[in-house]
Amino acid sequence: MVSEFTEDVIKLIQNIPEGKVLSYGLIAKLAGNPRAARQVSWILHSSTEKYKLPWHRVINSEGNIALRSEIDKQYQKDLLKKEGVKFLDEYRIDLKSSIWNIESIDKIKVKKE
DNA sequence: AACCTGACGAAGA
DNA sequence: TTCTTCGCCAGGT
């Protein structure tokens with residue numbers, strides 16, 4: 001059994017469209033807990049396989065890939081580029097064009113009801 | 001129950 | 001503007 005917050009986070013991530021990204025903080029905020037960004041990373045870390053989450057579409061607030069190892073970062077970058085995401089630097093995404101606009105948040109909220 | 005940890009983030013130096 | 005510090009939350013040990 002998971003908390004409602006966790007459920008919302010998972011649904012949000014599952015709904016990130018191809019070619020778009022969201023930041024940890026933003027996800028936490030949309031799920032109703034603005035300060036739980038770290039929790040989001042934990043969820044991603046522990047539930048990706050279970051829920052088939054598009055983990056690669058989650059980056060930090062600055063648009064950077066948040067993984068630690070070079071190999072993983074490179075892999076995530078490849079996945080994103082394949083979806084058409086534009087990179088400004090080696091591992092920095094162009095948030096302006098790739099951030100997922102929150103207009104559809106309502107749709108997701110409804111989905112959870 | 002106490003303490004640690006993390007794919008974060010905003011604020012202060 | 002770059003680097004450090006400190007707060008956050010829930011699961012793990």
Side-chain angles (χ1 to χ4, degrees):
Chain A
M1 206 42 199
V2 294
S3 68
E4 187 183 342
F5 172 73
T6 300
E7 276 184 29
D8 284 352
V9 168
I10 291 174
K11 284 180 181 171
L12 271 170
I13 296 175
Q14 289 179 323
N15 279 281
I16 300 176
E18 205 173 287
K20 293 293 177 182
V21 299
L22 277 186
S23 72
Y24 295 87
L26 212 41
I27 291 172
K29 184 178 173 186
L30 294 174
N33 199 338
R35 320 258 159 11
R38 307 189 73 168
Q39 186 57 18
V40 174
S41 76
W42 187 88
I43 293 170
L44 214 48
H45 172 71
S46 63
S47 308
T48 292
E49 280 192 41
K50 210 183 302 179
Y51 299 92
K52 300 288 188 289
L53 302 179
W55 60 273
H56 58 286
R57 298 187 189 134
V58 184
I59 75 290
N60 70 22
S61 69
E62 301 178 330
N64 288 108
I65 286 180
L67 292 174
R68 308 305 191 95
S69 84
E70 282 300 313
I71 296 178
D72 290 335
K73 285 160 73 172
Q74 193 59 242
Y75 178 45
Q76 180 170 9
K77 181 182 181 181
D78 286 343
L79 290 176
L80 290 173
K81 291 190 76 171
K82 204 176 300 178
E83 297 186 349
V85 173
K86 189 164 119 193
F87 279 75
L88 298 178
D89 290 323
E90 192 57 15
Y91 295 118
R92 187 158 110 257
I93 289 169
D94 176 23
L95 287 179
K96 277 193 174 178
S97 65
S98 300
I99 194 72
W100 181 30
N101 287 316
I102 322 301
E103 53 177 294
S104 42
I105 180 58
D106 292 328
K107 198 184 305 175
I108 293 175
K109 282 297 183 186
V110 170
K111 186 177 175 182
K112 123 200 163 186
E113 301 305 335

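Convention: sequence-line order gives letters A, B, ...; per-chain numbering from 1.
The separation between A/Arg35 atom CZ and B/dG6 atom P is 23 Å, rounded to whole Å. Atom P of nucleotide C/dT1 and atom CD of A/Glu62 are separated by 12 Å, given to the nearest angstrom. Taking atom CD of residue A/Gln39 and atom P of nucleotide B/dA7, one finds them 12 Å apart after rounding to whole Å. Atom P of nucleotide B/dA10 and atom OH of A/Tyr24 are separated by 14 Å, given to the nearest angstrom. Atom P of nucleotide C/dC9 and atom CG of A/Asp8 are separated by 16 Å, given to the nearest angstrom. The interatomic distance linking A/Phe5 (CZ) with C/dC8 (C1') rounds to 10 Å, in whole Å. Residue A/Leu79 contributes atom CG, which lies 18 Å from atom P of B/dA7 at whole-angstrom precision. One can place CD1 of A/Ile43 at 9 Å from P of C/dA10, the figure rounded to the nearest angstrom.
Within 4.0 Å (heavy atoms only), A/Arg38 reaches at least one base atom of the nucleic acid. Residue-level contact check: A/Ser23 touches the backbone only, with heavy atoms under 4.0 Å from sugar-phosphate atoms and none from bases.
Picking from C/dC9, B/dA7, B/dG9 the nucleotide with the shortest atom distance to the side chain of A/Ser61 gives B/dG9. Ranking C/dG11, C/dA10, B/dC8 by closeness to the A/Trp42 side chain, first place goes to C/dG11. Among the nucleotides B/dG6, B/dG9, C/dG11, the one closest to any side-chain atom of A/Arg68 is B/dG6.
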Pair up each side-chain donor or acceptor in residues 36-46 of chain A with any protein partner under 3.5 Å, not counting sequence neighbours, and list the distances.
residue: A/Ser41; atom: OG; partner: A/Arg38; partner atom: O; Å: 2.7
residue: A/Ser46; atom: OG; partner: A/Trp42; partner atom: O; Å: 3.0
residue: A/Ser46; atom: OG; partner: A/Ile43; partner atom: O; Å: 3.4

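The side-chain heavy atoms of A/Leu53 and A/Gln14, taken from C-beta on, include a pair separated by under 4.5 Å.
Residues A/Trp55 and A/Leu67 approach most closely at CZ3-CD1, 3.9 Å, considering heavy atoms. Taking every heavy atom of both residues into account, A/Arg57 and A/Leu80 meet most closely at CA-CD2, 4.2 Å. Summarising the geometry of A/Ser98 relative to A/Ile93, their closest heavy-atom pair is CB-CG2, 3.8 Å, with the distance given to 0.1 Å. The minimum heavy-atom distance between A/Ile27 and A/Leu12, with the atom names listed, is O-CD1, 3.6 Å.
Using a cut-off of 4.0 Å between Lys/Arg side-chain N and Asp/Glu carboxylate O, A/Lys73 and A/Glu90 are scored as not salt-bridged.
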Pairs under 3.5 angstrom, nitrogen or oxygen only, protein versus nucleotides 1-3 of chain B, please.
none

